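See below for the structure under consideration.
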Number of protein chains: 4
Amino acid sequence: MTTTNADSGRPRTRSSGGGGTRRRGKGSPALASERREHLVKLAAELFAEKGFQATTVRNIAEEAGILSGSLYHHFDSKESIVDEILTGFFEDIMASYRRVIEEGGDDPRATIAGLVRTAFGTLEPHRAAITVMQNDWNYLRGMERFAYLTKSEDEVEKMWVDTLKAGQEQGVFRLDLDPKLTYRMIRDTVWVAIRWFKPGGKLNAEGLAEHYLKVMFDGINLH
Amino acid sequence: MTTTNADSGRPRTRSSGGGGTRRRGKGSPALASERREHLVKLAAELFAEKGFQATTVRNIAEEAGILSGSLYHHFDSKESIVDEILTGFFEDIMASYRRVIEEGGDDPRATIAGLVRTAFGTLEPHRAAITVMQNDWNYLRGMERFAYLTKSEDEVEKMWVDTLKAGQEQGVFRLDLDPKLTYRMIRDTVWVAIRWFKPGGKLNAEGLAEHYLKVMFDGINLH
Amino acid sequence: MTTTNADSGRPRTRSSGGGGTRRRGKGSPALASERREHLVKLAAELFAEKGFQATTVRNIAEEAGILSGSLYHHFDSKESIVDEILTGFFEDIMASYRRVIEEGGDDPRATIAGLVRTAFGTLEPHRAAITVMQNDWNYLRGMERFAYLTKSEDEVEKMWVDTLKAGQEQGVFRLDLDPKLTYRMIRDTVWVAIRWFKPGGKLNAEGLAEHYLKVMFDGINLH
Amino acid sequence: MTTTNADSGRPRTRSSGGGGTRRRGKGSPALASERREHLVKLAAELFAEKGFQATTVRNIAEEAGILSGSLYHHFDSKESIVDEILTGFFEDIMASYRRVIEEGGDDPRATIAGLVRTAFGTLEPHRAAITVMQNDWNYLRGMERFAYLTKSEDEVEKMWVDTLKAGQEQGVFRLDLDPKLTYRMIRDTVWVAIRWFKPGGKLNAEGLAEHYLKVMFDGINLH
DNA sequence: GATGAATGAGTATTCATTCAT
DNA sequence: TATGAATGAATACTCATTCAT
């Protein structure tokens, strides 16, 4: 608790724009370790399955066929692994959202639909990260290290809320709803689906999205 | 080591109703010691705030102003505390649901509305239990001890799904929705609200329920 | 909590012989780390001196000059240490017994004498293991883990009883004795000597054996 | 460890000849608590079955249908219970031994036979105490409190060894045996039988004694 | 890059014992 | 006599992390 970790701060890797020097010193060959990325993937799988806290560094190492101590050649803490996972997810989804907003132009209904489809679309590729966010966020947010995620969250919220408000102004969305509240409900409904969504199932992410769009736009009532 | 623990299963106390043979002793006054109940409440608060795993037995004891070992005079494991919390929640909500179903009679729309209002209504009194369910269920379900919760879940699902189907047959709900899927989305949307719902806030549980009912029944579109 | 311990069963190391798939790693050099063996020896000494239960993991670690947690790098439980000790003892003595039986051929008197000498002969090299068996068996046998020892015991009993019966049939042993009972008395008399037998004493294991053989074969009476 | 127990010393109860004031103060009605004696018996049974260390004060209390703390109204420590058990055993057997020696007169063979029969005869009435001695003595002897048992042991040893020596001098026992060694072997063989001796079995204590006397006096050889 | 050994701080749990009621 | 609550010290075991080889 209250880790006095030399590591706390911002994520080192993946950080900068172009060709960030990956780790302290060494000056590894730019696009560096596939090994590293492989390890992150293994860890993500475990974090999603058992939860961040319940997953031990040994679990990850065993999965990779090495000893736990050896992991510290690639990462400097367990936290930095999950950081990498979450950062990847957030960078990706925010880029996607921005694209949707731009493309959506002045059509709020189309934009919201696009955002919903995008969100559902991340369920499969970012399954592990989303699961971690759902299950372990309450724990993770306790560490200053992950404060940046809250900031990203705020930016995302603004995108959705602005679109909802625009829709109300244009008369396409009901006026008796609180945009902020509505956004949260939509957001949570999408992400929480990670708990029972099965990638290979007959109801894929697209099907889910369409089903939800129907309910969200027109309700369950038969008009 | 070689735990001869007789605890696994259902909580001992809480006997009240039918045949709680207390152990050898007296036959104490049914109401499972206020002390115990107080401790459960403290623990629930902590579990909700920090998560089940991250909450140590010491945390709970300190909160109660006693030593950690002393907790074992009242409970025989950390698990049995959370068990008591969750059992209480499930017993309560299922009773409420059954009442709604009965009272709803043959009006699916009213019944669903009642279920939604009931669910939102538990947010405040069962805040801690619901938070634990949302955050720690992934971990907790790994233990056979909590298998019974899954069974309760199934029973609840049946109530909702049956009502949704009845509504479709009566022509009040759209036919192009999957009842199971719809149930899940409604359920998750309600519970997940625990993350940002603030008991004292201007938007109380009732307000939330009404807002959600609007969206759920008629969608966000302006018709 | 929810021990995902893969350890229960037989000791991992000691693989040597046949098919010890080590885990994922290399395939290390058969001889189960000298460090480990050294630790087992230290533990055995303590178990013998203070008893299994009264010996704490800290005691063992302190004796080894490390911290108690560090022991778990080598063993996964206190039980697995004592298991290793007892297994070593049983494997050794059973092999010796089998050799005596084979070499004894058709001479029951010689065979019994050989068995007695063998048994006394283990007093010194297996002092600790035998002491543990004498003092802690009542406790240890309560754990399924050590059920295999009972099986080995049965096999040993058969060797002795068969030999005693053969002797009776050949007319070298009295007919008015119960072979099983006689075996038990001999066995216990030998092992119980561990309580006062001092390795360096003037009465070494061989002397003890010869003394006992005299009494056992011809009694204390002067004929 | 190194109990700073106010209680250490000699057993208070059972001590004096006639009407010892049983416990500190109160001046209870002379032949006092049958309750107390009952509790000792329950405890003895548990100690025998599970071992002294593995038996918790709660175990004993539960067996008696009271709470663990209540036991301290009768005894001032777990040790004092086992003390009472062992003291009772030793007092009884030493009295019996003395009687045999006196009655044996100048016939060493008859005396030894009497001692052996006496020893086997205690197996049933003192089953629990003997079991405790066999299994837990190694632990118990570490406490100064039980030093007096060693003294009693020495006295007993002297009785046997003197008799054996007398027999050698009279020419009834072989000269080539070490009296002390022989005594120990006989003693241990008898007590250790407690491990497999079953009170109700077809081979009762008397049968065991006779069987052993045969082997002890004349050996297993057919002459 | 990896091993193998160790650290150090922590975790849930146990248990003999005390004591006010 | 007994209860019920608590103590305090110990116990086996866990785990992220470090580091010499």
Side-chain angles (χ1 to χ4, degrees), chain A residues 1 3 5-7 26 33 35-36 53-61 64-79, chain B residues 1 3-5 25-26 28 33 35-36 39 53-61 64-79, chain C residues 1 3-5 25-26 28 33 35-36 39 53-61 64-79, chain D residues 1 3 5-7 26 28 33 35 53-61 64-79:
Chain A
M1 239 124 287
T3 357
N5 215 338
D7 181 55
K26 302 261 181 179
S33 34
R35 184 97 181 100
R36 182 186 171 88
Q53 298 168 86
T55 301
T56 70
V57 164
R58 270 234 259 295
N59 290 154
I60 303 170
I66 57 177
L67 288 179
S68 67
S70 307
L71 268 183
Y72 288 79
H73 228 283
H74 303 277
F75 309 95
D76 40 40
S77 73
K78 193 181 159 190
E79 283 174 31
Chain B
M1 193 147 312
T3 349
T4 336
N5 218 336
K26 304 276 179 169
S28 52
S33 101
R35 186 86 182 105
R36 185 186 170 92
L39 293 171
Q53 299 169 84
T55 301
T56 71
V57 158
R58 273 229 265 289
N59 290 154
I60 302 170
I66 57 176
L67 289 177
S68 71
S70 307
L71 268 183
Y72 289 79
H73 180 63
H74 303 276
F75 310 95
D76 37 41
S77 71
K78 193 181 157 190
E79 283 176 31
Chain C
M1 192 148 313
T3 350
T4 336
N5 219 337
K26 304 276 178 165
S28 52
S33 100
R35 185 85 181 108
R36 185 186 170 93
L39 293 171
Q53 298 169 85
T55 301
T56 71
V57 158
R58 273 229 266 288
N59 290 153
I60 303 170
I66 57 177
L67 290 177
S68 70
S70 306
L71 268 182
Y72 289 80
H73 180 63
H74 304 276
F75 311 95
D76 36 40
S77 72
K78 195 181 157 189
E79 282 176 32
Chain D
M1 248 119 285
T3 358
N5 216 337
D7 181 57
K26 303 259 179 180
S28 50
S33 35
R35 184 99 181 95
Q53 298 169 84
T55 301
T56 71
V57 164
R58 270 233 259 296
N59 290 153
I60 302 170
I66 57 177
L67 288 180
S68 66
S70 309
L71 267 183
Y72 287 79
H73 228 284
H74 303 277
F75 309 95
D76 39 41
S77 74
K78 193 181 161 191
E79 283 174 31

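Remember, predicted model here, so these are calculated numbers, not experimental data. Computed over heavy atoms, backbone and side chain alike; hydrogens, waters and symmetry mates excluded. Below, chains carry the letters A, B, ... as their sequence lines are ordered, and counting in each starts from 1.
- Side-chain proximity of Arg35(D) to dA2(F), dT17(F), dA16(F): nearest is dA2(F).
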Item to check | Secondary structure of DNA chain E in dot-bracket form (Watson-Crick or G-U wobble, distances below 3.5 Å, | marking inter-strand pairs) | outcome: .||||||||||||||||||||
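- By the side-chain hydrogen bond (donor to acceptor under 3.5 Å, both in side chains) test, Thr56(A) pairs with Asn59(A), sequence neighbours left out.
- Nearest to the side-chain atoms of His73(A) among the listed nucleotides dT1(F), dG1(E), dG4(F) stands dG1(E).
- Closest to the side chain of Ile66(C), out of dT7(F), dT11(E), dT7(E), is dT7(E).
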Please tabulate, one pair per line, each protein N/O and nucleotide N/O from nucleotides 19-21 of chain E that are separated by under 3.5 Å, including the distance.
none

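- Distance NE2/His73(D) to CD1/Ile66(D): 10.5 Å, rounded to 0.5 Å.
- Looking at the side chain of Val57(B), the nearest of the listed nucleotides dA12(E), dA6(F), dA2(F) is dA12(E).
- Of all the heavy atoms in Ala64(A) and Arg35(A), the pair that sits closest is O-NH2, 4.0 Å.
- The nearest heavy atom of DNA chain E to Gln53(B) and to Gly65(C) marks one nucleotide each, and the one closer to the 5' end goes with Gly65(C).
- Considering only side-chain atoms of Thr56(C), the nucleotide from dA12(E), dA12(F), dC13(F) that sits closest is dA12(F).
- Checked against side-chain hydrogen bond (donor to acceptor under 3.5 Å, both in side chains), Ser70(C) has no partners two or more places apart in sequence or in another chain.
- Side-chain proximity of Leu67(D) to the nucleotides dT3(F), dT17(F), dA12(F) is greatest for dT3(F).
- Contact between Ala61(A) and Leu71(A) at its shortest, heavy atoms only, is N-CD1, 3.9 Å.
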